[in-house]
Amino acid sequence: MGIELSRRAFLKSTAATALAAGAYGAGLRPALAAPDLAKMDALAQAELVRKGEMTALELVDAGIARIEQVNGEVNAVVTTFYERAREAAKGDLPEGPFTGVPNLVKDLDNLKGTRATSGSRLFAENISKETDPLIASNQQAGFVMVGKSNTPEFGLLGTTESLLLEPCRNPWNLEHSTGGSSGGAAAAVASGMLPLAHATDGGGSIRIPASCCGVFGLKPSRGRIHLGGRKMPGDIGVQHCVSRSVRDSAVLMDLTEMKGSEAVLAPVGRVEGPGKKRLKIAFNTENYYGTEPDADVKAATESVAKLCADLGHEIVPVKNPVDGRAFMEAFLTVWSSGPAHLVGLAKENGLDPERALEPWTTGLAAYFASKPEGALEAALAHFAMVTEKTKAFMAEYDVWLTPVLASAPPKIGEQAPAVPFDTLYERTVEYVSYTPLHNVVGTPAMSVPLSWNENGLPIGAQFAAPIGGEGRLFELAFELEQARPWAQKYAPVFAG
């Protein structure tokens, strides 16, 4: 596999070099060729523009060249608007820490005038009429949006393999899943296309692909970032990014979090390095059901716990505080209420839901329809009970360490939307049995890329903190990044 990937990468590099040469012209300094940029984080790239060593247009063109070099293998970017991005880069960009850096919009979100499919045939030709608040905030930070990133239909699965957009492939092994639903974003960062990409999380959709693709991903607290009027039932959805470096994520949160009179939480502010406080870290590897993850995941998570202990933090073995089956039944009831609405929408427009929507989506709708009257209200009441119980549990600790997922990234197809519903249901609820709790409770949580298994597949470690504790998580992430660096690990499919 490695030899084959190397050969493909070499052949593609000739085309990418030619494209880059045409894009940069005589203006790009040879020392700053695309391979070097691919290994730089967003803040470092923007610094080149600030110092006058590159223009924003050169930076955007370099990003476009990297996308063109490897996206044919990875399928992380599903819609491009390169000329629009070039025109923006030529203009007066906002001055900020990320000025001129190319970025992607996850294809669940809106950038005015661009295609927004939500990964679904139902919206295959949909064009956004407005720009969502966080995307506007990203642009105000200086990012230039160059395309849309791959996502499963409506973000409903923990893998990115929609029938419309086709599978996104893991740069560490193209036969394996990137996770979901921000799989395109994570794969783009892991393959060196971009240093950072917009991402969303309603049940693990930042942390799952970050774990699968070996990048950093932090889910903010509920209420941390303004998302406009759209809310999922239970208010479980949040947005931020996936990135190669911790500092990119930390600086972006400082720029996009709510501050002043509109702030729901005390602002995190600018976190710039490790904290001095030694933390009391709750630790378990069993999932909501009391089941252990695969052996490689268990070993990786235990290794991270030992690393934390070696750094002077206190590790406290604990039991998961929730009843897994009752919790997941409530979560899936809430989760399936959206698909039930979509089936109704398709019918209202004279469409056959079985043709307009994927089997997993219509299966979830049928699951919701099978519930008794009042099931959604009962599920939300269960959320409230679990929230209070989990808050009380986490109040005893600074941080809570668990796996992100029950296994390393599965092969493409194992969790695809056309797998028979009952089979896919069992596979999904087992696989993602560590992440949804933090969406329900509203606690911040992150996947930190600290381990790879013997097959070279990434395995992230999940750290959570009480609501409002992003600063604590960022400080720990900075410390772990120094103790066990990951930035110099490059996937077999990597631009440049």
Side-chain angles (χ1 to χ4, degrees), residues 67 71 74-81 104-111 114-128 132 134-135 145 147-170 177-189 193 197-206 208-210 212-213 230 232 236-239 241-242 335-343 345-346 349 351-365 409-410 412-419 421 424 428 431-432:
I67 292 170
N71 193 55
V74 177
N75 192 33
V77 183
V78 292
T79 299
T80 60
F81 23 88
L104 298 169
V105 180
K106 184 176 175 180
D107 202 18
L108 295 182
D109 283 69
N110 294 294
L111 177 65
T114 67
R115 187 183 184 218
T117 72
S118 293
S120 176
R121 293 167 294 182
L122 186 63
F123 293 109
E125 305 305 323
N126 181 48
I127 303 297
S128 295
D132 288 336
L134 184 59
I135 305 307
M145 300 302 176
K148 302 294 285 287
S149 65
N150 205 341
T151 185
E153 183 168 66
F154 303 110
L156 292 171
L157 270 174
T159 187
T160 302
E161 303 180 43
S162 83
L163 299 181
L164 174 69
L165 302 176
E166 301 186 341
C168 186
R169 297 182 177 274
N170 196 318
S177 167
T178 58
S181 63
S182 305
V189 174
M193 298 182 199
H198 165 253
T200 73
D201 193 317
S205 293
I206 287 175
I208 292 168
C212 289
C213 294
R230 298 181 308 156
M232 299 175 70
I236 58 178
V238 294
Q239 301 194 20
C241 70
V242 289
W335 197 248
S336 61
S337 64
H341 172 74
L342 291 164
V343 165
L345 182 65
N349 286 275
L351 300 172
D352 178 1
E354 300 295 335
R355 295 176 65 86
L357 298 167
E358 294 179 347
W360 174 246
T361 304
T362 56
L364 284 172
I412 295 286
E414 289 182 7
Q415 297 191 17
V419 171
F421 182 81
L424 184 53
T428 298
Y431 181 56
V432 302

Nearest atoms (heavy-atom pairs only) where [X] meets [Y]:
X    : Y    : value
G180 : P209 : O-CD, 3.4 Å
G413 : E161 : N-OE1, 2.9 Å
Y431 : P410 : OH-CD, 3.3 Å
A199 : S182 : CB-OG, 3.5 Å
I135 : N110 : CG1-O, 3.8 Å
A187 : T178 : CB-CG2, 3.9 Å

(message) Test of understanding: with side-chain contact (heavy atoms from CB on, under 4.5 Å), list the residues that count as partners of C241, not counting sequence neighbours.
(response) L196, S249, L252

(request) Not counting sequence neighbours, which residues clear side-chain contact (heavy atoms from CB on, under 4.5 Å) with A346? List them please. (result) L122, L351, P353

Donor-acceptor pair, side chain of [X] and main chain of [Y], under 3.5 angstrom:
X    : Y    : result
D201 : V238 : no
E358 : S120 : no
N75  : L165 : yes
S149 : G184 : no
W360 : L156 : yes
R115 : E125 : no
S181 : P152 : no

May I ask you to test the [X]-[Y] pair for a side-chain heavy-atom distance under 4.5 Å?
X    : Y    : answer
F123 : L164 : no
P359 : L163 : yes
L424 : L157 : yes
C213 : V189 : no

(message) I'd like to know if the side chain of S162 pairs up with that of E153 as donor and acceptor (distance under 3.5 Å, no hydrogens or angles considered).
(response) no

(request) Go through the side-chain N and O atoms of D132 and Q239 and say whether any donor and acceptor fall under 3.5 Å apart. (result) no

Starting at [atom1] of [X], measure out to [atom2] of [Y] and round the result to the nearest 0.5 Å.
X    : Y    : atom1 : atom2 : answer
W335 : T428 : CH2   : OG1   : 11.0 Å
R121 : T361 : CZ    : OG1   : 9.0 Å
T200 : L134 : OG1   : CG    : 10.0 Å

(request) Dump the intermediate steps for side-chain contact (heavy atoms from CB on, under 4.5 Å) on N150 and D107, then the final yes or no. (result) CA-CA 6 Å; N150 205 341; D107 202 18; over 6 Å; no

(message) Could you walk me through whether V105 and T114 satisfy the side-chain contact (heavy atoms from CB on, under 4.5 Å) test, starting with their C-alpha distance in whole Å, then the side-chain angles of each, then the deciding distance to 0.1 Å, before giving a yes or no?
(response) CA-CA 10 Å; V105 180; T114 67; over 6 Å; no

(request) Using the side-chain contact (heavy atoms from CB on, under 4.5 Å) rule, take K148 and T117 through it: C-alpha gap first, then chi angles, then the decisive distance, then the call. (result) CA-CA 10 Å; K148 302 294 285 287; T117 72; over 6 Å; no

(request) Could you check I208, N170, T159 and say which one makes a side-chain contact (heavy atoms from CB on, under 4.5 Å) with P409? (result) N170

(request) Apply side-chain hydrogen bond (donor to acceptor under 3.5 Å, both in side chains) to S118 and list each qualifying residue two or more places apart in sequence or on a separate chain. (result) none

